[in-house]
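Before any comments, here is the structure.
Lettering of chains follows the sequences in order, A, B, ..., and the numbering in each one begins at 1. Given the structure is predicted, the values throughout are model-derived calculations rather than measurements.
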Number of protein chains: 2
Amino acid sequence: MKSLDASTRDRILAVAGTVFYQKGLSGARMQEIADLAGINKAMLHYYFKSKEQLFDTVFQQALGQFLGGIGQVLNGEAALPAKIEQYVAYTTTALAETPGLAAFIVHELQQHPERLSKQFGDSRLVNLDAFRQQLAAANARYQAPHAAEHFFANMVALCVYPVLAQPLLSRLLHQSEAQYRRFLGERAAHITQLLLEQL
Amino acid sequence: MKSLDASTRDRILAVAGTVFYQKGLSGARMQEIADLAGINKAMLHYYFKSKEQLFDTVFQQALGQFLGGIGQVLNGEAALPAKIEQYVAYTTTALAETPGLAAFIVHELQQHPERLSKQFGDSRLVNLDAFRQQLAAANARYQAPHAAEHFFANMVALCVYPVLAQPLLSRLLHQSEAQYRRFLGERAAHITQLLLEQL
DNA sequence: TCATAAATTAACCAGTTGGTTAACTCAAAG
DNA sequence: CTTTGAGTTAACCAACTGGTTAATTTATGA
């Protein structure tokens, strides 16, 4: 059957992503990944010599996807309000498209925080300097120690948490999955407004 | 050596909590739990007939701890501002004391959302009616559809996320663990102020 | 065409893991 | 004293799991 479609390797990576996202490193099974990719276990080890290596590849890809756009937005040329709007829009849509990605990263970093330094060394994951300067310029209160950090933490929390905790939050708000999805759709505008008020 | 101290069962539950919080259901090993509890594997199965049953007990306990106080605060007699302050203070301190608990719940619910209904049936996990009414009374804008839900989601997100994503956020803000802990300590006041401004 | 490398498979293996079993200890009740 | 039941142990087991091997097929390019 060969690799008519996407290369076998890519198919493996895609499938492994969905499995690892849902079950984590320890819960995932090489056999299941192989089955879903339409190959057998030996083939899997042919392309990725170990589960650990396959996982690393998936994790690196996930982290890149999760952090990738953020840096670009935050270090872009846009004025502060536009930048905030971009960040919120980007994050919410990106996360909504890949359910489980945020929870996956949080869970695996909880167990092995060193995976961060492993891939990013001592370099800053995301350079916040430009963003911090824009904040301080917009409102003197963000010159106070930690004030900019709180703003950033708020921004991330408001965007990420509702996606991360969907199973719990949707039940707390006793909404159906469809209702909750609509609710999430509204949030980008809601969050942007809330944050802009803080400037 | 008998059970001089806390009953063996309680010791198992405490130990199993820390192990499950860190490694999840699939990552936890009965042998490790037994070792940490100072017993052997057979004893473990004597008190809990299966890993699944032990896990269920731990998970139920964790969920109770996580949601327990919330309902009481939100349905208490306090006025809205005091209630918000109480919620923030309660949540932040409770989560800070049990590292991994939030990530544990999020991870396991991600995989098996049905665990929620399993334990709470169709009953509301937390009754938000009183809180919603107080919000609507404080500011007419919270009578709009979903407005109260957004406020609640914001409140939870701001409190929980920084604890949940500590490994990632502390690196993004390039802070040491000690610095980050101080940062978290500041947040209760910061969040409360932000939320009260929204009324 | 033929040699060489890539892709693929079935069978197998050793270590791990949840769980069981049968025997043993010991304190309390009768 | 002995019966009884909870507590405890070492040894064991079957299933699972990541990983390997050796042989085979398929593509490739000289």
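Protein atom CG of A:N40 is 17 Å distant from nucleotide atom P of D:dT17, rounded to whole Å. Distance A:F48 CZ to C:dT8 P: 13 Å, rounded to the nearest Å. Atom pair A:K49:NZ and D:dT21:C1' shows a separation of 18 Å (rounding to whole Å applied). Atoms CD1 (B:I33) and C1' (C:dT16) sit 16 Å apart, rounded to a whole Å. Going from atom CD of B:Q53 over to atom C1' of C:dG18 covers 14 Å, rounded to whole Å. Spacing between atom CE of A:M43 and atom P of D:dT26 amounts to 14 Å, rounded to whole angstrom units. If you take CZ of A:R9 and P of C:dA6, they are 15 Å apart, rounded to a whole angstrom. A:L54 has its CG atom 16 Å from the P atom of D:dT17, to the nearest Å.
Set against D:dT9, C:dG18, C:dT8, the side chain of B:K51 has C:dG18 as its closest nucleotide. The side chain of B:A42 has C:dT20 as its nearest neighbour among C:dG19, C:dT9, C:dT20. In this structure, the nucleotide among C:dA10, D:dG19, C:dT20 sitting nearest to the side chain of B:H45 is C:dT20. When each of D:dT8, C:dT8, D:dG18 is scored by its nearest atom to the side-chain atoms of A:M30, the top-ranked nucleotide is D:dG18. The side chain of A:Y46 lies closest to C:dA7, out of D:dG19, C:dA7, D:dA10.
Electrostatic pairing of A:E186 and A:R182 does not count as a salt bridge here, judged by no charged N lying under 4.0 Å from a carboxylate O. A salt bridge links A:R115 and A:E52; the closest N-O separation between the charged side-chain nitrogens and carboxylate oxygens is under 4.0 Å.
For A:K41 against D:dG18, a side-chain N or O and a base N or O form a donor-acceptor pair under 3.5 Å.
For the 3.5 Å distance criterion, the side chains of B:Q31 and B:D35 qualify, holding a donor opposite an acceptor. Inspection of the A:Q65 and A:T98 side chains reveals an N or O donor paired with an N or O acceptor under 3.5 Å.
The side chain of A:R29 contributes no N or O atom lying less than 4.0 Å from OP1 or OP2 of D:dC16. Taking 4.0 angstrom as the limit, A:Y47 places none of its side-chain polar atoms (N or O) nearer than this to OP1 or OP2 of C:dA6.
Residue B:A34 is out of contact with every strand shown, counting any heavy-atom pair closer than 4.0 Å.
Ring geometry, A:F151 versus A:F131: the interplanar angle falls from 30° to 60°, so the pair is classed tilted.
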